[in-house]
Number of protein chains: 2
Amino acid sequence: MKLSDTQKTFVLHWGEKAMKFGFNRTLAQIHALLYVSPEALDAEEIAETLQISRSNVSISIRELQSWGLITAAPKMGDRKTYYETLDSTWEMFRLVAIERQKRELAPSISLLRDLLLAGNDDADPTQRHVTRRLESLLQLFEHASTLSELLKNLSVDQVAKLLESNFSLLEQAVQPEEAAPPARVLHPEEN
Amino acid sequence: MKLSDTQKTFVLHWGEKAMKFGFNRTLAQIHALLYVSPEALDAEEIAETLQISRSNVSISIRELQSWGLITAAPKMGDRKTYYETLDSTWEMFRLVAIERQKRELAPSISLLRDLLLAGNDDADPTQRHVTRRLESLLQLFEHASTLSELLKNLSVDQVAKLLESNFSLLEQAVQPEEAAPPARVLHPEEN
DNA sequence: CATTAATTTCAGATATTATTGAAATTTCAA
DNA sequence: TTGAAATTTCAATAATATCTGAAATTAATG
């Protein structure tokens, strides 16, 4: 596939950006390529376009699928598997957030709980300090986990609505003493 | 500094966890060490405790300071610089979020805007597709940026309030048709 | 079935990133 | 000032993560 300058720049940028957040560069480039491609692509074409090995594509595709970020899109009368991304950026964000909660946050919460259960020597002042700080961290993580849980049950439309309201509700929430503006009317629509 | 098992486990875990989010392992271990240390530590002691070189500590400390995650805590009659972390996990989170917006999100937004300005060839259907998708991504990023801007102006107490409300306001916001529960009373308390 | 296309696996090679040690620089007490 | 302590710099090295090619496996076709 011949990429336009815009496509090329975006694919490279997305690869670099994803790295900063702990993703593999090639993985992200594949995702970006599929995102800016009007058609679903097969593994061979991905490899050629990005100039990477076929095996790298195979591994990366599996990983992307494990995040739910790409899906196989079979074509009639074609043995090859074609892949495409989600269209909705909100859904993409939601998937990553939920998956990170499952893969990273939950294990940390579990570990912190274990550590706090094991170390309850009230006599040792250092231990008391450690306990206090780990409790504080656990609390933050549990809040994040709650947020993720909430996200899990939010439809794309609902997330969109929240985003489009520019979080004015949050602003209200933390500035309760100001004269309350009229309640924003939300238009829930099913998808 | 001799670490307890709890401290040791936490420091190692924090290092691994941070890596998954694009941070350097040692950087995070230093941060974790300071977080569970009852006293501010000097660079030499950090190096010994974590068994890493003095120069590595120096580099990592500078980076941690650039995020605002640790501060120098000078001691009277001592030439060495001692370092300590923030106590508030919320403040830590806020700093990281704001810094990431500045370092990662803003440049991406800028790039996407440039790409969208440059590529406005309505005749080319591929270009139209790319434009549509990049616009959608830009929108998401701009929302995230707005959220970060909001966060910038939120005090630790306000963030705490939001977190402690378990985001019930968000839940209300996206489910307006249910009978509204009585407004949650927030208890702002100093620590 | 046998054949070929498509995909996956994985040990070894490569590239990237992190770390070190030695030297340079800075800081500060005397 | 001076010099010793503390810190930083950076080129060389080590550790880590990523990628590849060849071989194995799986799936589809006639």
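Because the structure is a prediction, the values reported are computed rather than measured. Numbers restart at 1 for each chain; the letters A, B, ... are given by sequence-line order, proteins then strands. The figures that follow rest on heavy atoms only: side chains count, while hydrogens, waters and symmetry mates do not.
Counting distance only, with no hydrogens placed and no angle test, the side-chain atoms of Arg79(A) and the base atoms of dA5(C) include a donor-acceptor pair under 3.5 Å. Side-chain atoms of Ser55(A) and base atoms of dG21(D) include a donor and an acceptor less than 3.5 Å apart.
Between Lys102(A) and Glu99(A) a salt bridge is recorded (basic side-chain N to carboxylate O distance below 4.0 Å). With salt bridges taken as basic N to acidic carboxylate O contacts below 4.0 Å, one links Glu63(A) and Arg103(A). Electrostatic pairing of Glu44(A) and Lys80(A) does not count as a salt bridge here, judged by no charged N lying under 4.0 Å from a carboxylate O.
Nearest to the side-chain atoms of Ser53(B) among the listed nucleotides dT7(D), dA18(C), dT20(C) stands dT20(C). Set against dT7(D), dT7(C), dG21(C), the side chain of Ala43(A) has dT7(C) as its closest nucleotide.
When each of Phe23(B) and Ser58(A) is assigned the nucleotide of DNA chain C bearing its nearest heavy atom, the one mapping closer to the 5' terminus is Ser58(A). For the pair Gln65(A) and Arg25(A), both in contact range of DNA chain C, the more 5′-proximal nearest nucleotide belongs to Gln65(A). Both Leu27(A) and Gly77(A) lie near DNA chain D, and the one whose nearest nucleotide falls closer to the 5' end is Leu27(A).
In this entry the distance linking CD1 of Ile52(A) with P of dT8(C) reads 14 Å, nearest Å. In this structure, CZ of Arg54(B) is placed 16 Å from P of dA22(C), rounded to the nearest angstrom. Nucleotide dA29(C) holds its C1' atom 15 Å from the CE atom of Met76(B), rounded to whole Å. Between Glu63(B) atom CD and dT7(D) atom P the separation is 19 Å, expressed in whole Å. For the pair Leu50(A) CG and dT20(D) C1', the computed distance is 15 Å after rounding to whole Å. When rounded to the nearest whole Å, the span between CG of Asn56(A) and P of dT7(C) equals 15 Å. Rounded to whole Å, the distance from CD1 on Ile61(A) to P on dT8(C) is 7 Å. Remark: P of dG21(D) and CD1 of Ile59(A) are 13 Å apart, rounded to the nearest angstrom.
Less than 6.0 angstrom separates the ring centroid of Phe23(B) from the ring centroid of Trp67(B).
Applying the 4.0 Å criterion to OP1 and OP2 of dT18(D), one finds that Thr26(A) has every side-chain N and O outside that range.
Within 4.0 Å (heavy atoms only), Asn24(A) reaches sugar-phosphate atoms of the nucleic acid but no base atom.
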### side chain to side chain donor-acceptor pair (under 3.5 Å) assessment of His31(B) paired with Thr85(B)
CA-CA 7 Å; His31(B) 177 250; Thr85(B) 54; 5.3 Å; no
